[in-house]
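Contents: one structure, followed by commentary.
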Amino acid sequence: MSLRVYNTLTRKKEEFVPLEHKEVKAYVCGVTLYDELHLGHARYAVVFDIIRRYLEYKGYKVNYITNFTDIDDKMIARAQSLGVSISELAEKFIGEYFAQMQQLGVKKADCHPRATEHIKEVIELIKKLEDRGLAYSTEGDVFFRVKRFPSYGKLSHQNLEDILTGVRVEVDEKKENPFDFALWKKSKENEPSWDSPWGKGRPGWHIECSAMAMKYLGENLDIHGGGKDLIFPHHENEIAQSEGVTGKTFVRYWLHNGLVRMKNAKMAKSTGNVLTLSHALSNYKGEVVRYFLLSAHYRSPLDYNENSLQEAASSLNRVYSLLGKIEKETSGAATFEKGKIPSQLEELSDKFIRAMDDDFNTPVALSTIFEMTKEANLLLAEPLSRSSMFFLSEVANRIRYLGRILGLFQKKEKKKLNQRTEQVLKILIEIRDKFRQEKKWDLADEIRKKLENIGIQLEDKKKGTRWEIERLTEG
RNA sequence: GGCGGCAUAGCCAAGCGGCAAGGCAGAGGACUGCAAAUCCUUUAUUCCCCGGUUCGAAUCCGGGUGCCGCCUCCA
């Protein structure tokens with residue numbers, strides 16, 4: 001089965017064939033470090049983490065790069081208002097980024113380059129563009145000469161005239177053409193700056209990505225990704241800069257994830273329409289947030305509302321609950337009949353893979369997990385035969401195996417109490433049982449209620465009272 | 001104004017020419033002293049509206065309506 005991906009450049013799903021046989025070079029635009037992350041950033045990170053994992057599952061060796069933009073206007077402004085240096089600001093948010101990504105189960109990239117560590121490469125690139133007449137400098141600024149790059153607009157499918165009718169571009173005296181964009185910005189006083197052939201300044205926003213992508217991955221990338229809001233102008237400009245220098249196709253497959261919406265509008269810092277990641281993660285486990293982010297196809301907008309994470313938690317719980325039951329039922333049974341993998345399970349596994357092959361359709365992939373869950377639950381409702389034990393253990397294996405691709409369903413055991421605490425808890429349960437035998441329900445219920453308040457759940461079963469700690473929905 | 005996307009049950013969300021996946025919530029049932037949790041069953045004669053193409057359309061075409069994104073920083 002072959003993987004098909006939707007390419008923004010061609011607006012079609014295409015078979016994915018990397019340049020080199022079993023290697024994939026992927027660059028994904030990361031975040032600008034001027035403020036807290038929100039759910040939108042989490043989506044980009046999780047989506048491309050899945051894409052990477054799936055490519056690895058397919059047997060590719062993926063060289064995966066995602067960057068930090070650690071110098072730009074907003075960072076300068078933010079650092080000033082907080083009274084810290086720009087690098088302090090960057091360090092703070094980089095620390096948060098990694099901590100939160102770990103909670104979300106996002107694997108580290110092979111490299112996380114930073115703009116400020118690649119000034120030399122940026123300057124080299126600009127010099128080459130100048131040599132080719134694709135860039136010009138005025139008063140310490142350097143601009144890209146859009147008119148000299150005929151295919152400008154090919155990614156966003158606009159031509160220059162169309163773009164120019166978008167009235168909102170401010171006229172800048174220094175530019176030859178309103179849509180020329182800054183490659184190098186002259187620095188003002190008290191701003192961080194680097195020496196360059198054009199005087200002290202700093203890189204424009206788009207050039208760093210070209211520089212870093214080419215440094216680590218070469219002149220031809222297989223995949224370049226990011227949020228849909230980066231298509232224009234950021235990625236369009238990257239193409240212009242990179243192909244302007246190399247004359248080669250910069251990127252074979254442009255992949256863009258849809259944006260997270262809240263209250264029917266894009267989630268964005270500029271509008272304050274934001275749910276921060278730290279807030280989400282303080283109420284729900286990273287896996288819950290991750291599940292939520294995968295519940296819609298990656299290219300669709302994803303609607304967030306106040307119930308979204310609770311729903312995700314409930315869904316995830318259903319699967320974990322099944323896994324727990326299977327582990328319990330099959331652990332003692334050393335000899336279940338090992339037969340062929342039931343065809344039903346094969347079919348569902350195939351369906352999972354077919355869904356992922358079809359432009360990473362995670363909602364359909366997830367649905368197959370739930371279908372397996374349902375089949376297993378049906379078996380569990382009846383006395384277990386050896387062959388049904390085999391089926392059950394195979395369901396658990398499949399869910400773990402396929403789940404690994406999505407970075408879900410991997411959690412093993414629940415947290416254990418230490419021995420002493422467990423003994424205390426058992427004593428409490430014994431006493432409560434006496435109350436129950438004496439039908440002193442109010443006292444029994446009070447104990448149950450108070451334990452629940454500290455995160456211990458009591459379940460009265462026929463065979464006695466079971467206790468359980470740590471629920472998935474907690475942070 | 002230019003470019004693009006979306007409208008599927010109470011909610012989230014797949015499907016993109018051949019009987020409408022999946023999840024959450026709801027309802028009914030099992031279990032329980034009661035709960036909670038869990039499990040089972042059930043929930044769209046129909047996919048925004050109007051036309052058309054087709055043996056057959058949520059899926060294709062034309063025309064509406066509504067919402068959203070990009071065109072300025074943005075995952």
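The sequence lines fix the lettering, A, B, ..., with proteins before strands; numbering per chain opens at 1.
If you check every strand for non-hydrogen atoms under 4.0 Å, A/Val260 touches a base. Counting non-hydrogen atoms under 4.0 angstrom, A/Gly258 reaches a base of the nucleic acid. Using a 4.0 Å heavy-atom cutoff across all strands shown, A/Asp303 reaches sugar-phosphate atoms only and no base atom. Here A/Gly40 lies in heavy-atom contact (under 4.0 Å) with a base. Among the protein residues, A/Leu458 comes within range of the nucleic acid bases, having at least one heavy atom under 4.0 Å from a base atom. Residue A/Ile231 is classed as having no contact, given no heavy-atom separation below 4.0 Å to the nucleic acid.
Going from the C1' atom of B/rC60 to that of B/rG69 covers 25 Å, rounded to whole Å. A gap of 35 Å separates the P atoms of B/rC48 and B/rA37, to the nearest Å.
Cation-pi contact between A/Lys269 and A/Tyr34: present, with separation from the ring centre below 6.0 Å and deviation from the ring axis of at most 45°.
For A/Asn377 and B/rC40, the shortest distance from a side-chain N or O to OP1 or OP2 is below 4.0 Å. The side chain of A/Lys449 contributes no N or O atom lying less than 4.0 Å from OP1 or OP2 of B/rA36. Between A/Arg11 and B/rG4 there is a side-chain polar atom (N or O) within less than 4.0 angstrom of OP1 or OP2. Residue A/Asn317 places at least one side-chain N or O closer than 4.0 Å to OP1 or OP2 of B/rU38.
Rounding to whole angstrom units, CG of residue A/Leu255 and P of B/rA75 are separated by 18 Å. If you measure from atom CD of A/Glu382 to atom C1' of B/rC40, you get 11 Å, rounded to the nearest angstrom. In this structure, NE2 of A/His206 is placed 10 Å from C1' of B/rU72, rounded to the nearest angstrom. A straight line from NZ of A/Lys175 to C1' of B/rU72 spans 10 Å, rounded to a whole angstrom. In this entry the distance linking OH of A/Tyr152 with P of B/rC3 reads 17 Å, nearest Å. Summarising the geometry, the separation between CZ on A/Arg261 and C1' on B/rG66 is reported as 12 Å, rounded to the nearest angstrom.
A salt bridge does not link A/Lys411 with A/Glu327: none of the charged nitrogens is closer than 4.0 Å to a carboxylate oxygen.
Under the Watson-Crick or G-U wobble criterion, with both distances below 3.5 Å, B/rU42 is paired with B/rG26. When both pairing distances are held under 3.5 Å, B/rA36 makes no Watson-Crick or G-U pair with any nucleotide shown. B/rG18 is paired with B/rC55 under the criterion used here, namely a Watson-Crick or G-U wobble arrangement in which both key atom distances are under 3.5 Å. In a base pair of the Watson-Crick type (N1 to N3 plus N6-O4 or O6-N4) or a G-U wobble (N1-O2 and O6-N3), with each distance short of 3.5 Å, B/rG62 is matched with B/rC50. Base pairing of B/rC70: its partner is B/rG2, meeting the Watson-Crick or G-U wobble criterion (both donor-acceptor distances under 3.5 Å). Shown here, B/rC31 forms no base pair; nothing in the strands shown gives a Watson-Crick or G-U wobble contact with both key distances under 3.5 Å.
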| Per-nucleotide protein contact string for nucleotides 14-25 of chain B, where B marks a base within reach and S marks sugar-phosphate only (heavy atoms under 4.0 Å, - for neither) | SS-----BSBSS
| field | Steps toward salt bridge (Lys or Arg N to Asp or Glu O under 4.0 Å) verdict (A/Asp141, A/Lys174) | value | CA-CA 8 Å; A/Asp141 289 314; A/Lys174 291 180 286 190; 2.7 Å; yes
| task | For A/Tyr320 and A/Glu287, run side chain to side chain donor-acceptor pair (under 3.5 Å): C-alpha distance rounded to whole Å, both residues' side-chain angles, the deciding distance at 0.1 Å, then the answer. | result | CA-CA 12 Å; A/Tyr320 272 118; A/Glu287 190 174 5; 2.9 Å; yes
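Within residues 67-78 of chain A, the residues that have a heavy atom under 4.0 Å from RNA chain B are, in order of number, A/Lys74.
In this structure, A/Phe16 has its ring center closer than 6.0 angstrom to the ring center of A/Tyr253. For A/Phe68 and A/Phe98, the distance between ring centers is under 6.0 angstrom.
Distance from the side chain of A/Asn264 is smallest to B/rC68 among B/rC39, B/rC68, B/rC12. If you check B/rC39, B/rC12, B/rG69 against the side chain of A/Leu259, the one that comes closest is B/rG69. Distances were taken from every side-chain heavy atom of A/Glu459 (C-beta onward) to each of B/rC40, B/rA37, B/rA75; the shortest belongs to B/rA37.
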Identify all pairs in which a protein N or O lies below 3.5 Å from an N or O of nucleotides 28-33 of chain B, and state each distance.
{"residue": "B/rG33", "atom": "N7", "partner": "A/Arg436", "partner atom": "NH2", "Å": "3.4"}
{"residue": "B/rG33", "atom": "N1", "partner": "A/Asp445", "partner atom": "OD1", "Å": "3.1"}
{"residue": "B/rG33", "atom": "N2", "partner": "A/Asp445", "partner atom": "OD2", "Å": "3.1"}

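What you find for A/Leu37 and A/Met101 is that their closest heavy atoms are CD1-CE, 4.0 Å.
Using cut-offs of 30° and 60° on the angle between ring planes, the pair A/Phe179 and A/Phe232 is tilted.
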